[in-house]
Amino acid sequence: MIVKVISNKENRDITINKLYPVLIKKEDEIRIVDDFGGLSIYELKDFQIYKENINSYIKEMNSLVYELIGYPTFLENYYNDDKKARNDLDKSRSNIFKEDLNEDELIELITSEYYSSDEKIIFIEGIENKINDKSTKVLAKYFGNNQNIEPEMLLPICRLLSKCQNQEVYDLFLDFISDDTINNDSIQNTIIEYFNNYN
């Protein structure tokens with residue numbers, strides 16, 4: 001289930017028109033990871049349902065809990081900074097976007113200014129098995145025109161775009177490989193392997 005913000009009268013850490021995956025829903029309250037980065041409770045009245053796919057949720061009485069975090073100690077573990085609980089939360093967010101959004105919707109989120117680099121990496125993970133030649137061209141042009149790509153995004157971008165061979169990706173990778181500021185071996189190896197296999 002994904003919701004879209006329609007109001008923020010209390011000036012909390014959410015952004016109008018931005019999408020958030022719902023991790024837990026109980027009556028008129030939802031738990032989402034907000035813009036501050038924490039799992040927080042929000043009233044459903046500030047949101048509209050964007051996608052109502054609940055196939056991967058555990059239904060209990062008046063609540064829905066995403067299946068990966070549907071164990072009794074999740075909330076306690078999460079708030080005690082347990083690594084497994086945090087990883088389960090991140091994987092849940094990624095899975096929800098992957099399950100609920102199509103390729104075009106994910107491309108729109110990746111190229112939107114509403115989302116942080118961390119969120120865009122989640123979208124990149126979500127589109128990995130849906131990507132096609134047309135989408136890689138759109139993303140290559142977008143990242144080619146965007147001079148302020150966060151360093152943590154470069155490797156996921158390169159791995160995603162390397163799945164398709166086209167001129168736009170080739171040109172972007174040429175720009176990346178000639179950029180002295182990109183000194184990450186994994187990125188350089190991904191690009192070199194792309195060039196070596198380019199037909």
Side-chain angles (χ1 to χ4, degrees), residues 1-132 134-135 138-139 153 156 160 163:
M1 177 185 298
I2 297 175
V3 292
K4 182 177 185 177
V5 179
I6 55 171
S7 68
N8 188 8
K9 294 179 180 132
E10 295 179 27
N11 282 332
R12 295 196 55 203
D13 295 314
I14 52 177
T15 303
I16 301 287
N17 293 322
K18 190 171 170 182
L19 302 181
Y20 298 86
V22 175
L23 299 149
I24 301 170
K25 179 183 180 292
K26 189 171 183 177
E27 296 175 359
D28 291 334
E29 293 180 338
I30 56 173
R31 284 186 193 252
I32 61 170
V33 174
D34 60 19
D35 295 346
F36 189 67
L39 181 61
S40 302
I41 299 173
Y42 284 84
E43 291 184 44
L44 198 52
K45 68 179 182 174
D46 288 328
F47 302 85
Q48 75 180 33
I49 303 294
Y50 184 78
K51 297 282 180 165
E52 198 166 10
N53 177 5
I54 56 171
N55 294 334
S56 298
Y57 288 78
I58 298 168
K59 299 162 188 86
E60 298 174 354
M61 302 278 282
N62 297 332
S63 69
L64 294 170
V65 179
Y66 190 76
E67 63 187 356
L68 191 58
I69 59 169
Y71 50 94
T73 59
F74 167 73
L75 287 173
E76 180 182 342
N77 294 355
Y78 172 81
Y79 291 116
N80 285 327
D81 214 19
D82 177 74
K83 187 175 181 174
K84 180 188 178 317
R86 294 204 169 260
N87 288 340
D88 288 344
L89 179 72
D90 291 343
K91 185 76 172 151
S92 296
R93 292 170 64 208
S94 177
N95 287 353
I96 293 168
F97 281 118
K98 198 180 299 186
E99 293 164 7
D100 291 3
L101 300 181
N102 66 37
E103 177 188 9
D104 291 335
E105 291 168 317
L106 287 164
I107 295 288
E108 189 176 320
L109 298 183
I110 292 168
T111 58
S112 169
E113 300 306 314
Y114 284 137
Y115 300 94
S116 69
S117 295
D118 290 339
E119 290 168 315
K120 289 183 179 191
I121 290 170
I122 290 172
F123 307 145
I124 289 170
E125 291 168 359
I127 200 172
E128 278 178 353
N129 295 325
K130 301 176 184 185
I131 196 81
N132 65 34
K134 177 183 160 232
S135 299
V138 169
L139 289 176
M153 282 188 64
L160 177 68
K163 293 176 182 271

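Side-chain contact annotation: Y20 with D35, donor-acceptor N/O pair under 3.5 Å present. Side chains of Y71 and D88: a donor-acceptor N/O pair is present below 3.5 angstrom, by distance only. A donor-acceptor contact under 3.5 angstrom links the side chains of E119 and S116, judged on distance only.
A pairwise comparison of heavy atoms in P21 and I32 identifies O-CG2, 3.5 Å as the closest pair. Here the shortest heavy-atom pairing between K120 and T111 reads NZ-C, 4.4 Å. Between V5 and F47 the shortest heavy-atom distance is CG2-CE2, 3.5 Å. Minimum interatomic distance between I14 and S7 (heavy atoms only, all atoms of both residues): CD1-O, 4.0 Å. Taking each heavy atom of L44 and V3 in turn, the nearest pair found is CD1-CG1, 4.4 Å. Nearest heavy atom pair, residue L89 against residue Y78, reads CD2-CE1, 3.3 Å.
The CG atom of N132 lies 12.5 Å from the NZ atom of K163; values are rounded to the nearest 0.5 Å. In this structure, the separation between CG on L106 and CD on E128 is 11.0 Å, given to the nearest 0.5 Å. Distance check: N55 CG to E52 CD gives 11.0 Å after rounding to the nearest 0.5 Å. Separation of atoms CG (L23) and OG (S92) is listed at 6.0 Å; rounding is to 0.5 Å. Here the CD1-CD distance, from I121 to E125, works out to 7.5 Å after rounding to the nearest 0.5 Å. Atom NZ of K59 sits about 4.5 Å away from atom CD1 of I54, to the nearest 0.5 Å.
Between I127 and the options D104, L101, L160, a side chain to side chain contact (heavy atoms under 4.5 Å, CB included) holds for only L160.
Of the possible polar contacts, none joining the S112 side chain to the E108 backbone as a donor-acceptor pair under 3.5 Å is found. In this structure, the side chain of K25 engages the main chain of E27 through a donor-acceptor pair within 3.5 Å. When atom types are taken as modelled, the side chain of Y115 and the backbone of L19 share a donor-acceptor pair closer than 3.5 angstrom. Formation of a donor-acceptor pair under 3.5 Å by the N53 side chain with backbone atoms of D100 is not found in this model. Listed for the Y57 side chain is a donor-acceptor partner under 3.5 Å among the backbone atoms of M1. K130 contributes a side-chain N or O that, together with a main-chain N or O of K98, makes up a donor-acceptor pair within less than 3.5 Å. With N80 contributing its side chain and D82 its backbone, the two residues share no donor-acceptor pair below 3.5 Å. Of the possible polar contacts, one joining the Y79 side chain to the L39 backbone as a donor-acceptor pair under 3.5 Å is found.
For N17, the CG atom sits in a packed shell: over 12 heavy atoms of surrounding residues, nucleotides or ligands are nearer than 6.0 Å. Few gaps surround CG on N102; more than 12 heavy atoms of other groups in view lie less than 6.0 Å from it.
The shortest distance between side-chain heavy atoms of I122 and L109 does not fall below 4.5 Å. Put simply, the side chain of L139 does not reach to within 4.5 Å of the side chain of I124, judged on heavy atoms. A 4.5 Å side-chain heavy-atom check between E67 and N95 finds every atom pair outside the cut-off. D90 has its side chain out of reach of V33: every pair of non-hydrogen atoms, C-beta onward, lies at least 4.5 Å apart.
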Dump the intermediate steps for side chain to side chain contact (heavy atoms under 4.5 Å, CB included) on L64 and V22, then the final yes or no.
CA-CA 9 Å; L64 294 170; V22 175; over 6 Å; no
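A salt bridge links K45 with E43: the distance from a Lys NZ or Arg NE/NH1/NH2 to an Asp or Glu carboxylate oxygen falls below 4.0 Å.
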